[in-house]
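Reviewing the structure listed below.
Count residues from 1 along the sequence. FYI, side chains are in, hydrogens and waters are out, and symmetry mates aren't considered; it's all heavy atoms of this structure. Computed from a prediction, not measured in an experiment: that's the story for all the values here.
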Amino acid sequence: LNDTLAEAISARIEPDQLNNSTVKALALNDILGEILEHYGEAQGIEETGGGTGEQSHNENATSTLTTPTSTTTTANETNSNATIVNESSYQSAKALTGVAVEMFNEIKPLAQSNATDVVANLNSGLTELKQAINDKSSFDTVDEIVDSKVIPNLQSAFNFKLESSS
């Protein structure tokens with residue numbers, strides 16, 4: 001299987017794209033979207049509207065998250081441990097968070113040379129994200145980490161901006 005994948009990649013993707021920092025940063029951005037999707041599913045939150053697992057995570061995208069009525073949270077409960085209703089999705093979110101950290105460590109040397117502080121903040125945000133998922137924090141807490149601490153620093157470190165999908 002690995003040989004087949006390697007052959008498909010070499011035949012279909014230009015070598016310069018494989019080493020392009022923006023392409024790699026966008027792939028990391030996609031993984032962040034997958035993390036949120038799986039973590040939401042783990043807590044019984046359904047995504048409705050414009051979201052699919054293949055779209056990039058974009059804090060400007062319009063989609064609505066629906067929570068079951070039995071797990072409605074208030075602002076004071078957002079930092080408490082969440083109830084996991086789908087263990088498989090929770091384990092997927094944890095695994096994808098590990099993948100995101102690994103991807104970041106691989107592309108970190110490709111960040112803009114003047115982005116040392118931003119890269120440190122991005123690293124800190126990913127560490128906080130991993131800890132929040134391990135601690136089974138609320139979806140709102142995890143989403144806030146991604147939207148305020150990870151995505152903006154990822155965009156700054158690798159000099160890209162996602163367009164709004166309106």
remark   = Across all chains, not counting sequence neighbours, the side chain to side chain contact (heavy atoms under 4.5 Å, CB included) partners of S156 are V118
message = I'd like to check E41 versus F139 (side-chain heavy atoms, cut-off strictly below 4.5 Å). Are they in contact?
response = no
ask   = Tell me the side-chain hydrogen bond (donor to acceptor under 3.5 Å, both in side chains) pairs involving residues 115-132, sequence neighbours left out?
value = E128-K149, Q131-D135
ask   = Considering all heavy atoms of both residues, which atom of A82 and which atom of S138 are nearest to each other, and what is their separation?
value = CB-CA, 4.0 Å
request  = State the CD1-CG distance between I35 and D30, to the nearest 0.5 angstrom.
outcome  = 11.0 Å
query = Is the closest side-chain heavy-atom distance between I84 and Q43 below 4.5 Å?
reply = yes
message = Taking the side chain as everything from C-beta on, heavy atoms only, tell me whether L126 gets closer than 4.5 Å to L32.
response = yes
key: Heavy-atom pair of closest approach, residues T22 and N20   = N-OD1, 2.7 Å
key: CD1-OG distance between I145 and S137, expressed to the nearest 0.5 angstrom   = 6.5 Å
Listing, residues 90-108 side-chain donor-acceptor contacts under 3.5 Å, not counting sequence neighbours, or none:
unit_1	atom_1	unit_2	atom_2	d
Y90	OH	I133	O	2.8
Y90	OH	N134	O	3.4
Q91	NE2	E87	OE2	2.7
S92	OG	S88	O	3.1
T97	OG1	A93	O	2.7
N105	OD1	K108	NZ	3.4
N105	ND2	V101	O	3.3

Interatomic distance, I151 atom CD1 to Q155 atom CD [nearest 0.5 angstrom] = 6.5 Å
Spatial distance of atom CD1 (I45) from atom CG (D143) [nearest 0.5 Å] = 9.0 Å
key: Among V23, V150, L154, the one residue meeting side chain to side chain contact (heavy atoms under 4.5 Å, CB included) with L28   = L154
request  = State, to 0.1 Å, how close A157 and A115 come at their nearest heavy-atom pair, and which atoms those are.
outcome  = CA-CB, 4.1 Å
